[in-house]
Amino acid sequence: PTARVPEHVHEWVLDRGEQPIGRRDGVLVEGGVWRGDYQVELLEDLGELFARSDIITFHVPLTEETRGMVGDREFGMMRDRVVLINCARGGVVDEPSLAAHLKNGKVGMAALDVFSREPLPEDSVLHGAPNLIITPHLGANTEEAQKNVSVIIAGQVVWPGSQNVQ
């Protein structure tokens with residue numbers, strides 16, 4: 001299930017003999033998860049986190065703190081040819097900045113399934129950017145998510161002459 005992406009990334013990193021690093025605020029880098037129930041080296045400084053990482057994944061909500069969290073300044077802190085994955089929320093990564101850094105090679109590859117405007121507009125700077133994988137955000141299309149939605153909807157059904165079904 002999509003909600004377990006951080007756990008899958010964490011397992012993938014450990015399977016390769018690497019040490020996951022991350023931040024408690026929900027920025028996940030190389031598989032780190034913020035819940036504290038995994039062995040993750042937690043870093044306070046986002047710049048250090050970016051500088052030490054070959055692969056960066058984001059699993060954060062879109063808040064005032066995370067909106068525009070990655071732009072030109074942050075890309076400058078990252079290793080050359082970094083791999084960036086955002087399957088959290090659109091707006092966390094500045095899209096024009098990402099497109100520029102994909103074109104100049106600073107970002108070696110990126111994968112996104114969320115965008116600042118959805119669906120992704122035809123005139124987006126992301127279209128045509130090299131080494132970019134774009135997919136629709138299908139987090140709600142897992143079997144588990146569909147079952148959960150069905151239970152919620154069924155609980156809201158009102159039968160004629162009765163209370164809501166619980």
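Residues take their numbers from the sequence shown, with the count starting at 1.
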Discussion item. Looking at Gly71, is its backbone amide N or carbonyl O close enough to the side chain of Glu74 to form a donor-acceptor pair, meaning the two atoms are under 3.5 Å apart?
Written reply: yes
Discussion item. When you measure from the side chain of Lys106 to the backbone of Val82, do you find a donor-acceptor pair of N or O atoms at a distance under 3.5 Å?
Written reply: no
Worksheet item: With no hydrogens and no angle check, is any side-chain donor or acceptor of Thr63 less than 3.5 Å from a backbone partner on Thr66?
Response: yes
Discussion item. Between Val107 and Asn131, is the side chain to side chain contact (heavy atoms under 4.5 Å, CB included) condition met? List the steps.
Written reply: CA-CA 9 Å; Val107 176; Asn131 302 318; over 6 Å; no
Worksheet item: Quick one: does His127's side chain have a donor or acceptor within less than 3.5 Å of a partner on Pro121's backbone?
Response: yes
Worksheet entry | Residues Arg79, Asp54; criterion side chain to side chain contact (heavy atoms under 4.5 Å, CB included); working and verdict | CA-CA 7 Å; Arg79 292 181 172 182; Asp54 295 314; 2.7 Å; yes
Worksheet item: Does a sphere of radius 6.0 Å around CZ in Arg16 hold more than 12 heavy atoms from other residues, nucleotides or ligands, not counting ones at 6.0 Å or beyond?
Response: yes
Worksheet item: Are the side chains of Val83 and Ile56 in touch, meaning some heavy atoms are under 4.5 Å apart?
Response: no
Worksheet item: Heavy-atom distance under 4.5 Å between the side chains of Arg89 and Phe58, does that happen here?
Response: no
Worksheet entry | In one Ile/Leu/Val/Met/Phe/Trp/Tyr side-chain cluster, 4.5 Å: Leu126, Leu62 | yes
Worksheet item: Quick one: CE on Met78 to CZ on Arg73, what's the gap to the nearest 0.5 Å?
Response: 11.0 Å
Discussion item. Exactly one of Leu112, Val114, Ile134 should register a side-chain contact (heavy atoms from CB on, under 4.5 Å) with Leu120. Which one does?
Written reply: Ile134
Worksheet item: Can any side-chain N or O of Glu95 pair as donor or acceptor with the backbone N or O of Ser116 at less than 3.5 Å?
Response: yes
Worksheet item: Will you find, in the side chains of Thr135 and Asp113, an N or O donor that is under 3.5 Å from an N or O acceptor?
Response: no
Fill in: Interatomic spacing from CG in Asp80 to NE2 in His101 - rounded to 0.5 Å
11.0 Å
Fill in: ring-ring contact (aromatic ring centres under 6.0 Å, His included) involving Phe115 - partner list, sequence neighbours excluded
none
Discussion item. Does Asp94 form a side chain to side chain contact (heavy atoms under 4.5 Å, CB included) with Val70? I'd like the steps, not just the answer.
Written reply: CA-CA 6 Å; Asp94 180 76; Val70 179; over 6 Å; no
Worksheet item: Any donor and acceptor pair, going by atom type alone, linking the side chain of Asp72 with main-chain N or O of Phe75 inside 3.5 Å?
Response: no
Practice prompt. Flag the pair Pro130 / Lys103 as yes when at least one side-chain heavy-atom distance between them is below 4.5 Å, and no otherwise.
Written response: yes
Worksheet item: Do Val125 and Leu132 belong to the same hydrophobic cluster, where Ile, Leu, Val, Met, Phe, Trp and Tyr are linked whenever their side-chain heavy atoms lie under 4.5 Å apart, directly or via other members?
Response: no
